[in-house]
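Data block below; observations after.
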Amino acid sequence: MKKIFAYIGWVLTVVLLGTLAACNPKEIDESADLGLNIKVFFPTKVVAGQPMTINGSGFSDVTQIVFPGDVTVTDFEKVGGGMIRVIAPSGIAAEGGKLIVRTASEQAESRVPLTLGNTVVSGFSKQEGEDISGGEQLTVFGTDLEFICRAELIDSEGNPLILEDEQFHRKGTNTVIITIPKQIFEGTWVGKLYTFDGKEILLPELNYKPGGGHWETVKTVFWTNDDPEGHGPANWNGTYRFALEGHDGANECIAELPQDVWDIIKNGTFYATFQLDPNWYQIRITNGHWSVQWQGADNDFKPGNMDDQLIPNEDGTRTLEITFGSDPLVETLDDKHLLFTGSGNTLMELFSLEEVWIDDGGETGPVQEVIWTNETGEGPADWGNLNYRFGLDGHDGNNECDATFPQEIWNRIKSETFYALIEGASPQIRITDGWWSANLTPDDIKPGSDLLIDNGDGTWTIVVNLSGADALLAVLDAQHLLFTGGGFTLLKLFFQEGGPTPPGGGGDEPGGGDEPGGGDEPIKTEGTVIWNTETAFADWSATILIGPEKFADAQEGDIIRVYLKDKGSDYNPIFKHAEDWSDWSEFQGAKVDGDGYFEAAIPAGALDELKSKGLRFQGVGFTIAAVTLIGSGPETEGTVIWDTVTAFDSWNATILIGPEKFADAKEGDIVRVYLKDKNSDYLPIFKHAEDWSDWTEFQSAKVDGDGYFEAPVPAGALDELTSKGLRFQGVGFTVAAVTLIPGPPQYEGTVIWDTETVFADWSATILIGADRFADAQEGNIIRVYTKDKGSDYNPIFKHENWSDWTEFQGQKEEGDGYFEAPVPAGALDELRSTGLRFQGVGFTIVKVTMIP
Amino acid sequence: MKLDRIAIFILACLIPASCVDLNYTEETTRDEEWTYEYFENGIKNMVFDVYAQVYNNEFGNNSAYFLASATDEAQYALETGAVNNYVNGGWSPANPYSNIWTKSYTAIADVCMYLEKLDEADITEWQYNPDYSLWVQQMELFPYELRFLRAYFYFELFRTYGDVPLVTTTLTNAQANSITRTPADQIVKFIVDELDEIAPYLPVTYLTEVNSEVGRATRIAAYALKARTLLYAASPLFNPTGDKSKWEKAAEACKFILDNAGNWGLKLSAYGSLWGHDAFYNPELIFGLGRGEDNAFEMANYPVGVENGSSGNCPTQSLVDQYEFQDNGETFRSRYPGSIDLSVVNPYEGLDPRFALTVVKNGDSWPTNNAQKKAIETFTGGFNASPKYGATPTGYYLRKYVDGSCVTTADNQTTRRHTWIIFRLGEFYLDYAEAVFNATGSANDATYGLTANEAVNKLRERADIQMPKFTEDGAAWVARYERERLVELAFENHRFWDVRRWKKGPEYFRTIQVANINSSLQLTRSTVNRQWDDKYYFYPIPQTELKKNPNLTQNQGW
């Protein structure tokens with residue numbers, strides 16, 4: 001369990017009236033000069049080449065340090081008079097011995113011996129032939145591992161990649177944990193470790209794969225022909241002439257290119273796309289003076305000559321890959337420009353292609369934060385016979401839990417994504433509470449579920465996020481968290497930033513939308529999450545590709561909503577076709593911006609491509625936090641209190657709408673259940689939340705409508721609704737959504753203000769005119785009906801001059817959906833002459849009435 | 001048993017002494033043999049003792065340690081507040097604010113002693129204890145943690161006093177009373193060399209260490225301390241020749257942190273999440289001091305008029321004037337240079353969101369707990385204003401770090417955890433910007449891969465901040481950067497030291513502006529004069545130390 005080390009308020013705080021001195025208990029004499037003396041050196045076990053420090057006294061005159069085996073060192077650094085830094089030399093005696101410091105006239109010996117280390121690696125967390133991905137940790141086991149100072153791997157381009165020990169995740173005497181860089185060379189090879197004394201240790205031969213992302217080819221366009229017809233095809237003229245920026249004094253060029261592009265043209269590989277005359281074309285690439293031609297004098301690209309290098313494109317154009325290399329043309333380009341000429345060819349664009357690493361999972365982040373492991377080997381789960389039960393510290397009076405967690409961890413379990421590692425061939429997992437009253441998912445989690453990741457080694461990782469499961473959360477403290485089912489053994493529970501690539505969609509989970517991964521504050525989303533990796537679009541190389549599988553159930557009219565984290569001044573997001581990266585105009589044309597997101601509805605014509613190829617985004621000036629797919633669903637009336645599609649195909653099916661959803665419910669409000677399907681055995685039942693019995697007051701008033709059934713909230717149900725919630729059970733239908741529709745409002749008294757006014761800050765106010773109080777009497781009640789009561793709720797009766805009207809404030813009482821105060825006698829004159837003002841924050845005034 | 005030993009220990013500690021006798025006597029239990037034979041109650045507690053001394057009572061009700069009121073950030077509500085001695089001429093070698101000297105050298109002495117004694121640690125008697133192997137793992141880290149802490153205290157000493165004695169072993173009385181001051185450059189080198197040496201051995205995070213004791217010294221904290229030390233060493237106070245190579249070193253050290261932040265799990269957080277009950281787990285926090293549940297800080301800084309509120313450290317108009325408006329980056333002072341009629345205009349609307357999170361102004365609903373929440377009145381005659389004794393002298397109250405959910409009524413008080421930030425990621429964007437600007441001469445130079453403006457804008461473009469970007473260069477950049485640093489790091493114990501290392505004491509600390517709001521809600525500015533002398537760039541060496549050690553020289557001017 002994570003302990004908060006820093007709550008050291010309970011630890012004794014040292015209160016010393018001390019100065020510099022911590023007296024050496026063995027040397028209380030008053031001499032300021034203790035002569036040459038070694039008090040301590042660090043570390044006491046070394047290998048050659050290792051930095052050391054020696055502490056003592058009288059070091060200012062030290063000229064030699066003698067290591068065991070009579071190895072003398074004269075090259076060292078003195079730090080004040082009491083410290084020396086030195087590198088341990090080679091040749092130290094294997095048996096070790098005392099360390100000696102010498103001046104011209106004396107020497108001092110260390111109290112404890114120095115020993116020679118010997119790094120021995122006994123094993124690794126990965127064995128020969130296993131796979132390892134970028135971002136994963138590799139643990140080295142052994143003894144004297146603190147002497148390992150670097151690792152040598154291979155980077156993505158095949159070059160040596162050195163990791164210094166400051167990049168190890170942990171370096172101890174018995175373990176060293178190395179994080180494999182994401183962009184590692186893909187292949188099977190052997191890495192190496194080195195110690196300070198030059199010992200080389202081979203890592204096991206592993207199958208390395210880049211991880212936490214993938215390579216994508218990114219096209220960067222240098223120049224586009226903005227008027228092909230106007231410029232026309234080349235005709236042995238100088239139309240398509242290009243210069244380095246600032247090198248076109250005579251304005252001969254169609255474009256000047258910046259230095260970095262010019263460098264690519266001269267020294268790298270770029271591409272030119274042409275529209276070619278089907279009858280005849282000839283392409284010559286030369287300089288503006290026609291003095292040097294690429295590929296040799298008069299050696300033009302034309303039908304029958306090098307035309308195989310002109311790769312056809314889908315749109316009929318053809319693209320030529322150009323690498324000048326050491327061609328003499330290159331030396332002339334700065335002064336004489338680059339010219340594409342010939343005949344029958346129209347230059348359409350110049351571009352480069354680059355392999356860019358696209359991070360999938362955000363930053364590597366720290367290792368798994370394991371909060372429980374199955375140390376006793378308990379298992380496998382067997383429904384009622386053996387479960388894994390967890391609770392909050394202090395809430396396990398019957399010792400039923402496998403473990404309890406401190407409040408901080410419990411809070412995180414309730415609010416953050418965490419993971420459960422299980423093993424088993426055919427697991428079936430139900431995550432519920434200890435009383436089996438509220439399941440996390442309507443159906444048990446089995447292979448094929450989005451929440452279950454096959455690790456490929458006989459283990460699975462369950463992705464658990466309780467944050468939307470209101471019914472389960474409501475009972476979790478008292479009733480514990482239960483992993484039950486069959487065919488699996490629970491191995492551990494852990495948090496892991498970045499996660500083990502959690503699935504993009506959470507499936508149908510009770511309580512509403514998933515929360516995306518990444519970011520330190522979850523964003524509330526609507527709909528099914530189909531992308532949950534925070535991705536910054538800082539330039540045009542950034543992109544995400546949402547795979548076709550995420551759109552398997554998409555329908556025309558569903559909304560693709562992209563939640564944003566940051567939005568810059570250059571904000572420009574673009575829906576793109578997955579494969580060719582071109583703008584998806586049907587989406588772009590329908591794109592709308594919302595508060596913290598942009599979205600577009602799926603047109604009918606896009607469904608096939610979405611389901612076969614997926615969807616790409618590109619752009620600049622924003623960061624994607626998540627992308628969701630919001631079902632078009634039924635048109636609903638009222639406040640949605642349940643929005644997860646839930647099939648009632650057996651009597652096991654149930655939904656529990658938590659009491660908090662009914663906090664503002666009133667007698668007469670309508671509970672309406674929108675249906676997606678309705679079968680011949682259709683039988684829906686309102687149920688009491690806890691004991692599952694029929695709620696007859698609702699059932700007897702239930703009516704069926706077009707695509708829904710509903711019932712009004714009876715007065716007698718409010719207490720139970722607001723304390724326990726409402727359950728549904730039944731068969732033969734699928735719930736699409738449940739809403740609470742306000743009943744007809746009831747306002748008592750004469751309305752003296754009926755303009756809805758939001759009090760979000762102290763600038764908000766209403767002034768009810770004196771005329772409204774013409775008939776006011778002492779004792780009348782001024783009642784202010786409110787809604788949207790915030791945590792900072794603070795309404796104030798005010799004089800017209802804005803000062804607090806204490807006679808009202810002192811009598812103010814809160815009611816259900818209103819606050820009120822009686823009119824005191826002393827207020828009548830002022831009410832009738834200047835009226836009444838309200839100010840405050842954290843509420844909205846709906847109406848104000850005066851009740852006799 | 002533990003409480004008994006602690007009781008004896010406290011008694012021992014209160015015995016005045018020019019050095020603490022750590023031999024095994026009935027006066028102290030500090031160095032008894034048993035200490036090195038017990039893990040939890042012995043060795044580990046020794047290490048905890050040193051950590052405990054990092055805390056400077058910032059969250060206590062003794063505001064002498066909350067240095068904000070000795071800067072243009074705040075004015076202490078009561079003239080008799082001890083912190084006022086910094087600015088009213090009461091600061092002297094005889095009244096030296098010697099806590100940093102005392103506690104730092106006490107801690108350094110402890111570290112030296114423990115390092116020299118750790119080889120005597122022997123817990124093999126407990127080898128059959130189920131936790132034995134875990135204890136051994138933890139002990140592996142103690143020397144590195146202690147060396148980090150020693151480097152931390154030397155940073156505090158060098159920052160405060162400049163040249164200070166460099167002590168790396170235990171000393172006798174005589175040695176301690178004859179030691180000389182080591183030049184600051186060498187102290188800096190010692191700090192940096194130590195941190196470079198120990199950093200690889202410290203874990204990146206304690207989440208995966210034994211007992212997951214978050215809050216201990218990490219590798220990141222070591223590199224953070226190194227970067228900040230190098231920044232100070234490059235600053236004018238310690239770099240009178242303007243040696244560019246010092247700025248370059250600082251820039252490299254800061255960039256190292258920024259480049260690795262993601263891999264280390266560090267992220268910029270929402271500004272308002274940097275303090276509060278759960279701030280200890282904030283992913284931006286590199287090293288913080290967690291305190292147990294308490295409400296002393298709230299009592300010290302809630303407005304008078306709020307039950308048990310003492311006003312405490314009141315933000316100044318000088319601070320408020322530095323906030324910029326979101327629409328165009330204009331400062332508050334620039335847009336509202338003179339008096340303001342608060343009854344007709346809300347001049348704070350559209351101001352940098354960090355303002356509302358830092359400062360309580362007239363009309364704000366505060367504190368946030370339902371029992372005490374009300375509209376704060378800082379106009380003369382208002383409920384939280386003069387003529388009430390101890391009311392704000394500035395027109396504002398402190399919000400940052402104050403947990404408004406704490407109830408401080410006589411009955412039903414509530415308490416909350418507090419976390420004092422020592423290092424956080426946001427600081428290093430600013431440190432880097434300053435270092436790279438001075439190293440390259442431009443705010444738009446990308447030699448190090450990130451320009452100064454890009455670094456500052458990382459903070460400005462946070463989703464909850466969204467302030468106009470920096471584009472300036474030259475002197476204009478410096479002025480705006482100094483404003484940004486004040487705003488971002490307000491009340492985090494930076495301003496007091498930043499102005500000193502920039503050698504801009506007269507510019508910022510000689511006079512401050514406060515706001516007076518009359519009963520008609522007219523806000524006018526007035527000037528408060530403060531004592532500033534250039535000797536204040538460094539603290540005086542305590543007189544008591546000079547008397548004991550004739551080899552110690554006093555800082556110039558004192």
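Reminder, nothing fancy here: chain letters follow the sequence lines and each chain counts from 1.
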For B/Thr218, the side chain to side chain contact (heavy atoms under 4.5 Å, CB included) test, sequence neighbours excluded, returns B/Tyr206, B/Ile220, B/Ala221
Indicate whether the side chain of B/Asn282 and that of B/Ser273 have a donor and an acceptor atom separated by less than 3.5 Å. no
Report the option among B/Glu140, B/Glu377, B/Gln186, B/Lys469 that has the most heavy-atom pairs separated by less than 4.5 Å from atoms of chain A. B/Glu140
Does a donor on one side chain sit under 3.5 Å from an acceptor on the other, for B/Glu197 and B/Tyr144? no
Just checking, any donor-acceptor pair under 3.5 angstrom between side chains of A/Thr806 and A/Asp804? no
With only heavy atoms counted, which part of B/Ala463 is less than 4.5 Å from chain A, the side chain, the backbone, both or neither? both
Per-residue contact mode, B/Ala375 against chain A (heavy atom under 4.5 angstrom): both
Where on B/Glu349 is there a heavy atom nearer than 4.5 Å to chain A: the side chain, the backbone, both, or neither? neither
Part of A/Glu77 lying under 4.5 Å from any heavy atom of chain B: side chain
Most contact-rich option vs chain B, by heavy-atom pairs under 4.5 angstrom, among A/Tyr793, A/Phe41, A/Trp802, A/Phe42, is A/Phe42
Cut-off 4.5 Å, heavy atoms of chain A, and the answer for B/Lys103 is neither
Could you check which of A/Asp165, A/Thr44, A/Val112, A/Asn794 has the highest count of heavy-atom pairs closer than 4.5 Å to chain B? A/Asp165
Okay, B/Ser365 and chain A: the region with an atom under 4.5 Å from a heavy atom over there is both
Among B/Arg219, B/Arg462, B/Glu461, who wins on heavy-atom pairs under 4.5 Å with chain A? B/Arg219
Using only heavy-atom distances, determine whether the side chains of B/Glu116 and B/Thr170 contain a donor-acceptor pair under 3.5 Å. yes
Part of A/Thr173 lying under 4.5 Å from any heavy atom of chain B: both
Identify, with sequence neighbours excluded, every residue that meets ring-ring contact (aromatic ring centres under 6.0 Å, His included) alongside B/Tyr348. B/Phe332, B/Phe355
Please flag which part of B/Leu166 lies under 4.5 Å from any non-hydrogen atom of chain A: side chain, backbone, both or neither. side chain
Taking only Lys NZ, Arg NE, NH1 and NH2, and the carboxylate oxygens of Asp or Glu, determine whether B/Glu194 and B/Arg147 approach each other closer than 4.0 Å. yes
Can a cation-pi geometry be assigned to B/Arg417 and B/Phe280, taking NZ or CZ under 6.0 Å from the six-membered ring centre and within 45° of the ring axis? no
Among B/Leu141, B/Leu202, B/Thr182, residue most engaged with chain A (heavy-atom pairs, under 4.5 Å): B/Leu141
Option that, when pairs with chain A are counted at under 4.5 Å, heavy atom only, ranks first among B/Lys373, B/Lys374, B/Gln466: B/Lys373
Under 4.5 Å from any heavy atom of chain A, what part of B/Phe287 do you find: side chain, backbone, both or neither? neither
Would a 4.5 Å heavy-atom cut-off, applied to side chains only, mark A/Phe76 and A/Arg85 as touching? no
Would you mind reporting whether B/Asn551 and B/Ile179 have side-chain heavy atoms less than 4.5 Å apart? no
With chain A as the partner, which of B/Asp193, B/Asn370, B/Asn260, B/Asn346 has the greatest number of non-hydrogen pairs under 4.5 Å? B/Asp193
